[in-house]
Amino acid sequence: MLDLKWVVANLEEAKERLSARGGGAAQALAPIEQLAQERRQLIQESESRRAEQKKASEQMRSLKGEEQAKLRAHLKSLSDEVKEKEARLKEVEERIEAALLGVPNLPHSSVPKGAGPEQNQVVREWGSKPRIAQPREHTEIGEKLGLLDFERAAKVSGARFVFYRGALARLELALVQFFLDSARERGYLDLLPPYLVNADSMRGTGQLPKFEEDLFKTTAGHYLIPTAEVPVTNYHRDEILEHLPIKYCAFSPCFRSEAGSYGKDTKGLIRQHQFHKVELVRFEKPEDAQAALEQLVLDAQAPLQKLGLHHRVTVLCTGDLGFSAEKTYDLEVWLPGQGAFREISSCSTFGDFQARRAQIRHRPAPGEKLRLVATLNGSGLAVGRTVVAILENGQQADGSVVLPEAIRPYLGGLERLEPVREL
RNA sequence: GGAGAGGUGGCCGAGAGGCUGAAGGCGCUGGUUUGCUAAACCAGUAUACGGCCCAAAGCUGUAUCGAGGGUUCGAAUCCCUCCCUCUCCGCCA
């Protein structure tokens, strides 16, 4: 959420910076100026009335009989007036809040302007493409080896679900441990979060109120988390943090309804309703946020490099930026089967956008005023997509898959994936 | 799920219609004293939103005792709804 005071004082700048996102982001601001004015006036009126009322009602104690009855009648009308104004004020503030909650974050000045994904810019590349004669996609590789079962998953759960079998099931969990180890080495504290959260948490990180249709909701009113970012960022909701920075790594399953992505990546592991991810979350001083984002990208790249997977870093342009993000780098891993780079991590800084919604603050020094912190997060990494990359990059002519050396110790020394032996 | 007890400042804990932003204590900050440390003593110690001010500082108004609503001239205090915590019972991995 943007700061109301700042928006009102810098309306033109706000509109201009939001319009870089395209899609009418700036229009959401339209009603705010007038509402802010109404709000100020109502505050002044109701507060001055209330001050008057407070003063007069102090005399009530010392008065008796008719005198008191007279004053009481006067105060009653004052009281009614205050109540009426406060009711109107509340309504105006609710409308401001509703409008503001629907406004996306301002892109950082260093974000390239652009209309959509085509205008994202490649920042750097790591490694090189493996030479594979006739690359196949992970679905084919996995199904042939008996390691992936989409058909039965469709029977049991529906589209966009999967069963992993045998060594691949183990690989998924091995990668989780491997990613957490990598993050821990880089100073992140392990957190294993709840997978169901309340609406306040979803509002804190920006999923609600605007993106409810992307979420799964339980009959009890909880939401299934679409990423560990939600519980981990909200871990410090309504808190005053004493020491910054704070760095957490958290494993969790992620649940996404994928509403509106019909027809996209319908096959395979790329886009599932449920997947696993290790998330890196940082709380930083505002002035450290940009440097921390650069650091975060390196933290996310580290396991990818240990696995020897060819990838590149891109910076998202203004038109492709997520709702809450101020700046985002994507990590895209090379998938020989698809002949394309695909997102495997997304690292963003949110400035104080989430911190304002979630009221996460810190005191720069004793005696100084509280400030909102900056929040950041990035995948480190998406586990399912890493499995895809390992399958496609490690595929051999005989159908087996050679595993990256770095992951072998997590699998009891297993070197390659071969057909599952039916028991 | 059933029965009961609770939620007050950074923390502990009083208060039970007006004099309470809230006693007392702890903590923290500054000062005095002091070979050092400690102790003692003194002072200060919230947040948000308005107004005055070019701005900061400062002054000033209002709100805030789990959340929301109600009663009342006036609510931390009375009533209603909800949330959360704890204890016991049931169920359960």
Side-chain angles (χ1 to χ4, degrees), chain A residues 1-10 32-101 192-204 208-209 217-223 231 234-244 246 252-253 283 352-373:
Chain A
M1 192 162 68
L2 302 179
D3 179 26
L4 176 65
K5 265 194 208 167
W6 185 89
V7 169
V8 170
N10 303 278
I32 283 177
E33 189 178 25
Q34 206 208 321
L35 286 171
Q37 221 166 22
E38 258 178 76
R39 169 177 173 273
R40 178 171 308 189
Q41 200 183 340
L42 284 168
I43 286 174
Q44 283 173 29
E45 288 172 5
S46 74
E47 288 193 349
S48 67
R49 303 266 85 167
R50 190 176 268 282
E52 196 184 324
Q53 180 195 14
K54 234 176 129 171
K55 218 175 230 172
S57 71
E58 263 167 50
Q59 301 168 10
M60 284 296 287
R61 274 181 303 142
S62 51
L63 293 179
K64 279 187 205 130
E66 201 177 319
E67 295 259 280
Q68 198 193 38
K70 242 173 96 180
L71 185 57
R72 174 175 292 137
H74 170 63
L75 282 174
K76 174 66 178 164
S77 72
L78 248 183
S79 166
D80 289 344
E81 209 179 329
V82 168
K83 273 179 193 161
E84 189 258 321
K85 295 230 188 281
E86 284 184 346
R88 274 168 60 198
L89 176 63
K90 196 181 157 198
E91 193 202 316
V92 167
E93 290 196 321
E94 275 167 7
R95 280 163 63 191
I96 290 175
E97 168 108 345
L100 228 41
L101 280 174
L192 188 62
Y195 308 148
L196 298 177
V197 300
N198 57 32
D200 285 341
S201 294
M202 286 296 184
R203 196 173 304 111
L208 289 180
K217 190 177 185 179
T218 71
T219 52
H222 290 112
Y223 293 89
N234 281 283
Y235 184 66
H236 287 304
R237 173 149 51 86
D238 296 322
E239 288 186 17
I240 293 160
L241 307 179
E242 289 199 29
H243 305 290
L244 290 178
I246 297 174
S252 86
F283 300 83
D352 61 16
F353 188 85
Q354 292 181 328
R356 182 170 295 107
R357 289 172 166 244
Q359 284 299 299
I360 307 169
R361 297 174 292 174
H362 86 289
R363 198 181 295 280
E368 282 187 51
K369 291 201 106 187
L370 294 174
R371 280 195 308 178
L372 294 167
V373 304

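All chains are named by letter (A, B, ...) in the order of the sequence lines, taking the proteins before the strands, and each is independently numbered beginning at 1. Only this structure's heavy atoms are used, side chains among them; waters, hydrogens and symmetry mates stay out. Computed from a prediction, not measured in an experiment: that's the story for all the values here.
We find the CG-OH distance between Asn198(A) and Tyr223(A) to be 9.5 Å, quoted to the nearest 0.5 Å. Taking CD from Gln34(A) and CD1 from Ile96(A), the interatomic distance works out to 10.5 Å, rounded to the nearest 0.5 Å. Summarising the geometry, atom CG belonging to Asp352(A) is positioned 11.0 Å from atom CD1 belonging to Ile360(A); distances are rounded to the nearest 0.5 Å.
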task: Toss me the dot-bracket line for RNA chain B: Watson-Crick and G-U wobble, both under 3.5 Å, 5' to 3', using | for pairs to another strand and [ ] for crossers.
output: ((((((((.[[[..)..(.....]]]((((((.......))))))(((((((.....))))))).[[[[[..)....]]]]])))))))....
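Rounded to whole Å, the P atom of U37(B) lies 35 Å from the corresponding atom of A22(B). One C1' atom belongs to U20(B), the other to G15(B), and the distance between them is 9 Å to the nearest Å. Atom name P, nucleotides C26(B) and A43(B): the rounded distance is 14 Å, in whole Å. Across the P atoms, G1(B) and A14(B) are found 31 Å apart, a figure rounded to whole Å. Of the P atoms belonging to G9(B) and G13(B), the separation is 11 Å, rounded to the nearest Å. Across A55(B) and G50(B), the matching P atoms stand 14 Å from one another, rounded to whole Å. Of the C1' atoms belonging to C83(B) and G66(B), the separation is 8 Å, rounded to the nearest Å. Between the C1' atoms of C19(B) and G4(B), the separation comes to 37 Å (whole Å).
At most 12 heavy atoms of other shown residues, nucleotides or ligands fall within 6.0 angstrom of atom CD in Glu33(A).
If you take NZ of Lys54(A) and P of U20(B), they are 12 Å apart, rounded to a whole angstrom. In this structure, Leu372(A) places its CG atom 13 Å from C1' of U47(B), rounding to the nearest Å.
Remark: of the listed residues Glu86(A), Arg88(A), Glu94(A), Glu94(A) is the sole one forming a side-chain contact (heavy atoms from CB on, under 4.5 Å) with Lys90(A).
Judged by distance alone, with hydrogens and angles left aside, the side-chain atoms of Ser79(A) form no donor-acceptor pair with the main-chain N or O of Leu75(A) at under 3.5 Å. Judged by distance alone, with hydrogens and angles left aside, the side-chain atoms of Arg237(A) form no donor-acceptor pair with the main-chain N or O of Ala358(A) at under 3.5 Å. When atom types are taken as modelled, the side chain of Gln359(A) and the backbone of Arg356(A) share a donor-acceptor pair closer than 3.5 angstrom. Looking only at distances, no side-chain donor or acceptor of Arg49(A) sits under 3.5 Å from a matching main-chain atom of Lys83(A).
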statement: Readout for nucleotides 48-55 of chain B: B = base within 4.0 Å of protein heavy atom, S = sugar-phosphate only, - = neither; 5' to 3' it is SSSS----
Reading 5' to 3' through nucleotides 68-86 of chain B, protein heavy-atom contacts under 4.0 Å coded B for base, S for sugar-phosphate only, - for none: SS--BBS------------
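In this structure the side chain of Leu4(A) reaches within 4.5 angstrom of the side chain of Arg39(A), judged on heavy atoms. Proximity of Tyr235(A) to Pro193(A): side-chain heavy atoms (C-beta onward) are nowhere separated by under 4.5 Å.
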